[in-house]
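Start at 1 with the first residue, then count along the sequence.
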Amino acid sequence: MNYRAVLFDFDLTLIDASPAILACYKHTLTKMGCVPPDDEVIRRTIGLTVEDSLEQMSGCHDKARIAKYREVYRVKADEVMVPGTSLLPYTRGTIRRLRAAGCKLGIVTSKNHARTLLSLDKFQLKDAFDVIVGFEDIDRPKPDPQGLNRAVDLLGLSKDVVLYVGDSYVDARTAQAAGVDFAGVLTGTTTREEMETYPHRLVAEHLGEVTDWLGV
C-alpha cells in the first residue's frame with residue numbers, strides 16, 4: 001500500500017445517522033415554521049454544515065435566525081443522534097485491516113467533534129483513530145480544505161501519502177482543494193456519475209472495495 005494514512009468522512013461513509021439527522025431537520029424546520037422537504041432532499045444535504053443545510057432547505061439567509069435554529073437542532077441531536085446511529089457494513093473490517101497494515105487513521109467531518117466521539121465510543125472504535133477534525137475545530141467547513149489540511153498536519157505526513165475517503169461530492173471537492181488523493185464510496189446520495197466528475201483514484205460501492213483496492 002502506497003498510503004501511510006487514510007482519512008475518512010464520517011456520516012454515510014463510516015456510519016449511518018441519517019434517520020436521526022432527518023428527525024433533527026424535520027423537527028427544526030417545523031419549529032422554524034417551514035414545511036420540511038422530502039427525505040431525499042434532506043439526505044442530499046448530509047455532509048454540509050447544519051447551518052448551510054438549514055439555509056438551503058428553509059431559504060432563510062438571516063444568520064441570526066439560522067443560529068437560533070441551529071440551537072434547536074443541537075438540542076434534538078443531543079436526544080436522538082447517538083442512539084440513532086449505526087455502523088455501515090465493512091466499517092469495522094476496514095478499520096481492522098488498515099490498522100493491521102500499520103496505517104494511520106483519521107476523520108474529517110462536518111459533524112460536531114464531541115458527538116463524533118460519542119458515536120465512536122458507542123461502537124468501541126474511539127481509540128482506532130489517530131486524529132479527528134470536527135466542524136468546531138476549524139473556521140471554514142468543507143469543501144474548504146482547512147479541516148483536511150489540519151488533519152494531515154496533525155499526523156505529520158506529506159499529502160502524497162494520504163488518502164481521503166468520502167461519500168459526497170462535498171468530500172470530493174474538499175480533497176481536490178487540499179491536493180489529497182480521493183476515493184469515493186457510493187453509500188451516500190452522490191451518484192457514481194457525479195462522483196466521477198471530480199479527481200479520484202477510485203469510486204467504490206462500499207468501503208470493502210476500497211480496502212481490497214489498497215491491498216490490505
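Closest non-hydrogen pair, R99 versus A128, comes out as NH1-O, 3.1 Å. Taking all atoms of both residues into account, the shortest heavy-atom contact from R140 to I138 is O-CD1, 3.2 Å. Residue G188 comes nearest to L12 through the heavy atom pair CA-CD1, 3.9 Å, listed as atom of the first residue, atom of the second, then distance. When all heavy atoms of Y73 and C24 are compared, the closest pair comes out as CE1-CB, 3.3 Å. A pairwise comparison of heavy atoms in K142 and G47 identifies CE-O, 4.4 Å as the closest pair. The two atoms that bring T187 and E205 nearest to each other are CG2-O, 3.7 Å, heavy atoms only.
R97 and D212 are joined by a salt bridge, as a carboxylate oxygen and a charged side-chain nitrogen come within less than 4.0 angstrom of each other. Using a 4.0 Å cut-off between charged side-chain N and carboxylate O, K63 and E55 make a salt bridge. The pair D38-R44 fails the salt-bridge criterion, with no side-chain N (NZ, NE, NH1 or NH2) lying under 4.0 Å from an Asp/Glu carboxylate O. Under the 4.0 Å criterion applied to side-chain N and carboxylate O atoms, K159 and D181 are not assigned as salt-bridge partners.
The aromatic rings of F129 and F8 sit perpendicular to each other, their planes meeting at more than 60°, with 30° as the lower class boundary.
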Can L117 and D121 be said to form a side-chain contact (heavy atoms from CB on, under 4.5 Å), step by step? CA-CA 6 Å; L117 288 175; D121 194 45; over 6 Å; no
May I have the step-by-step check of side-chain contact (heavy atoms from CB on, under 4.5 Å) for L120 and I132, ending in yes or no? CA-CA 11 Å; L120 289 171; I132 296 172; 3.6 Å; yes
Between I46 and T189, does the side-chain contact (heavy atoms from CB on, under 4.5 Å) criterion hold? Intermediate values first, please. CA-CA 9 Å; I46 296 175; T189 60; over 6 Å; no
side-chain contact (heavy atoms from CB on, under 4.5 Å) for S119 and F10? Distances and angles first, verdict last. CA-CA 10 Å; S119 295; F10 197 51; 3.9 Å; yes
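Side-chain atoms of E209 never come within 3.5 Å of backbone atoms of A204 as a donor-acceptor pair (strictly under, hydrogens ignored). Between the T109 side chain and the G134 main chain, no donor and acceptor come within less than 3.5 Å of each other. For D78 (side chain) and V75 (main-chain N/O), no donor-acceptor pair under 3.5 Å exists by modelled atom type. For T85 (side chain) and A17 (main-chain N/O), no donor-acceptor pair under 3.5 Å exists by modelled atom type. Under a 3.5 Å cut-off, the side chain of R192 and the backbone N or O of L186 do not form any donor-acceptor pair. Here the side chain of R201 pairs no donor or acceptor atom with the backbone of L163 at under 3.5 angstrom. Side chain of E136 to backbone of H113: a donor-acceptor contact under 3.5 angstrom is found. Using modelled atom types, no side-chain atom of T211 and backbone atom of T94 make a donor-acceptor pair closer than 3.5 Å. Side-chain atoms of Y164 come within 3.5 Å of backbone atoms of V108 as a donor-acceptor pair (strictly under, hydrogens ignored). A donor-acceptor pair under 3.5 Å is absent between the side-chain atoms of R70 and the main chain of L54, judged by distance alone.
For the atom pair CG of D171 and CG of L7, the computed distance is 11.5 Å after rounding to the nearest 0.5 Å. Between L202 atom CG and L214 atom CG the span is 8.0 Å, to the nearest 0.5 Å. Note that CG of L105 and CG of L125 are 10.0 Å apart. Values are rounded to the nearest 0.5 Å. Atom CG of D9 is separated from atom CG of D167 by 5.0 Å, given to the nearest 0.5 angstrom. Atom NZ in K76 sits 10.0 Å away from atom NZ in K31 (nearest 0.5 Å). Taking OH of Y198 as the reference point, atom OG of S168 lies at 8.5 Å (rounded to 0.5 Å).
Clustering ILVMFWY residues whenever any of their side-chain heavy atoms sit less than 4.5 angstrom apart, transitively, puts V161 in the very cluster that holds L148. V133 and F135 sit in two unconnected hydrophobic clusters of ILVMFWY residues. Membership requires side-chain heavy atoms under 4.5 Å apart, directly or through other members. I107 and V131 are assigned to two separate hydrophobic clusters, defined by single-linkage of ILVMFWY side chains at heavy-atom distances under 4.5 Å. By the criterion of side-chain heavy atoms lying less than 4.5 angstrom apart, applied directly or through intervening Ile, Leu, Val, Met, Phe, Trp or Tyr residues, I15 is not grouped with M81; the two fall into different hydrophobic clusters. At a threshold of 4.5 Å between side-chain heavy atoms, the hydrophobic network of Ile, Leu, Val, Met, Phe, Trp and Tyr places V185 and L14 in one connected group.
Within 6.0 Å of the CZ atom in R4, the count of heavy atoms belonging to other residues, nucleotides or ligands does not exceed 12. Annotation for E71: atom CD counts as buried by contact number, over 12 foreign heavy atoms lying within 6.0 Å. Residue D62 places its CG atom among more than 12 non-hydrogen atoms of other residues, nucleotides or ligands, all under 6.0 Å distant.
Side-chain contact between S110 and L48 is absent, with no heavy-atom pair separated by less than 4.5 Å. Residues S58 and I66 form a side-chain contact, since some pair of their non-hydrogen atoms from C-beta on lies under 4.5 Å apart. Residues V210 and V6 are not in side-chain contact: their nearest non-hydrogen atoms beyond the backbone lie 4.5 Å or more apart. Residues F123 and T91 form no side-chain contact, since every pair of their non-hydrogen atoms from C-beta on lies 4.5 Å or further apart. Residues S18 and D11 form no side-chain contact, since every pair of their non-hydrogen atoms from C-beta on lies 4.5 Å or further apart.
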